[in-house]
Amino acid sequence: MDNSGNRLAEDAKARVIATPAVWLEGEAIRQLEEVAQDDDCASAVGMPDLHPGPGIPIGAAFGFTQTIRPRLVGSDAGCGALVVGLGKVKLSSSLERRVRAEFARPPFAEENLDALCCSAWKHGPAALDDSGVSEFLGALIGPDGLCESGDLPSSVYGSALGTIGGGNHFAEIGRVTDVVDKGAATELGLGKGSLVALCHSGSRGLGKALADTWGHTALKDDAAADYLADLAGAVRFARANRVLLAGRLLRALGVARPKKIVCAFDCVHNHVTRENNLWVHRKGCAPAHNGQMAAVLGSRGTPSWIVRGLGNPDGLSSVAHGAGRKMMRSEAREKIRARYRRKQLTKSRLGGMVICDDTKLLYEEHPDAYKDIEPVIDSLVQAKLAERIVSIEPLITVKK
DNA sequence: ATGTAC
């Protein structure tokens with residue numbers, strides 16, 4: 001028995017992780033059930049941030065027995081959230097100016113990008129010395145480098161590295177506010193009041209190219225292996241992008257040394273991996289294996305939560321990736337425009353500020369367009385998918 | 001969510 005109440009038709013394969021306090025759009029549940037009806041689908045789990053997407057819902061994990069479905073990974077393969085704990089950092093009074101300046105200029109020198117984007121990366125991260133995050137990059141990206149040799153046209157996508165991207169993506173400096181699991185928080189260096197860099201970004205044009213190439217296919221054998229190799233490149237690209245964004249935040253904070261980093265973990269939201277004899281596709285959904293840390297992203301008006309996964313098979317070892325939208329973008333543009341003056345849009349209910357020149361995006365991404373995160377986290381905890389560690393409230397959020 | 005074209 002799941003806790004979805006009576007929202008789902010009799011369908012043993014689809015379930016929703018949501019207490020009655022979580023509002024869910026009917027169209028999202030319809031899309032979830034539609035995927036679950038596929039003969040090869042063993043289970044489809046909607047997370048409490050489930051919302052309608054392009055034919056398939058966002059905020060769900062799908063377990064397939066035999067085949068890989070690139071469509072269920074979507075056009076932003078590798079998109080995810082990076083959390084970097086910085087411990088106690090003294091904030092400069094000119095922080096806002098410094099963050100603005102950092103994100104107003106190109107992120108890295110051309111020659112460094114080239115070094116990053118080609119197979120030369122495999123020989124070491126030394127080319128990135130200018131940011132002071134090279135060791136950090138090397139540690140997070142791993143020895144395989146950014147991409148398979150020759151599979152990434154750096155001239156096309158390289159300039160996207162270290163930039164935020166659009167939509168719900170952001171780079172943020174936040175502060176730990178509520179500490180629920182003090183032991184875990186201390187162990188991670190995420191004590192109350194400590195600073196965190198939080199980066200939500202994806203694989204940009206590379207992920208789109210991948211989606212266009214693989215389309216709505218059902219993959220097995222050699223084709224599946226080819227797709228997985230492409231996907232691995234997109235995941236490394238997206239992860240590198242997040243690391244570079246974190247590097248820029250560190251630069252603005254005046255924290256240029258990797259040893260100041262007390263913890264770092266990266267959650268991939270759009271991915272497919274083989275787990276327990278299933279191809280587990282996560283679409284807007286973070287892995288939460290037993291002991292694995294995940295960030296469930298808030299909305300500036302509501303905090304983000306760091307949770308520890310419990311590896312619950314009923315939830316396909318996953319958790320929600322965020323609070324989830326409450327309004328469609330078009331609806332948000334109209335309603336928020338009527339509700340607030342332009343000047344009110346850059347300061348959030350929690351006191352944080354957003355740096356964003358795009359008024360339309362400020363409407364679409366306003367906290368009012370998102371659900372409260374509290375029932376979302378509560379649903380994950382009640383269903384025993386994860387446990388709360390700490391909450392993080394935004395101080396400065398950069399969006400493009 | 002994206003890069004490009006309109």
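Reminder, nothing fancy here: chain letters follow the sequence lines and each chain counts from 1.
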Atom-pair distance (CZ on Arg242(A); P on dA1(B)), nearest Å: 14 Å
Any side chain to side chain donor-acceptor pair (under 3.5 Å) involving residues 347-360 of chain A? Give me the pairs, sequence neighbours left out, ordered by first then second residue. Arg342(A)-Thr359(A)
Under 6.0 Å between ring centres, would you say that holds for His271(A) and His281(A)? no
Between dA1(B) atom C1' and Phe237(A) atom CZ, what is the distance in whole Å? 13 Å
With respect to the phosphate group of dG3(B), does any side-chain polar atom (N or O) of Arg204(A) fall under 4.0 Å of OP1 or OP2? yes
Sorted by number, the residues of residues 294-301 of chain A with heavy-atom contact under 4.0 Å to DNA chain B: none
How many Å lie between NZ on Lys400(A) and C1' on dT2(B), as a whole number? 17 Å
Among Lys13(A), Arg71(A), Arg69(A), exactly one meets salt bridge (charged side-chain N to carboxylate O under 4.0 Å, His left out) together with Asp38(A). Which residue is that? Arg69(A)
Take atom CD1 of Ile164(A) and atom P of dG3(B), then tell me their distance rounded to the nearest Å. 13 Å
Separation of Asp358(A) atom CG from dT2(B) atom C1', in whole Å? 15 Å
Review item, side-chain donor-acceptor pairs of residues 41-59 of chain A, under 3.5 Å, at least two apart:
residue, atom, partner, partner atom, Å
Asp49(A), OD2, His321(A), N, 3.1
Asp49(A), OD2, His321(A), ND1, 2.5
Asp49(A), OD2, Gly322(A), N, 3.1
His51(A), ND1, Asp49(A), O, 2.9

If you look at every strand shown and take non-hydrogen atoms under 4.0 Å, does Gly202(A) touch a base, only sugar-phosphate, or nothing? nothing
If I take atom CG in residue Asp212(A) and atom P in nucleotide dG3(B), what distance separates them, rounded to the nearest angstrom? 12 Å
Expressed as a whole number of angstroms, how long is the span from Asn168(A):CG to dT2(B):P? 8 Å
Starting at atom CG of Asn241(A), determine the distance to atom P of dT2(B), rounded to an integer number of angstrom. 9 Å
Would you say CD of Glu187(A) has more than 12 non-hydrogen atoms from neighbouring residues, nucleotides or ligands within 6.0 angstrom? no
Can you tell me how far apart NE2 (His366(A)) and CD1 (Ile336(A)) are? Round to the nearest 0.5 Å. 5.5 Å
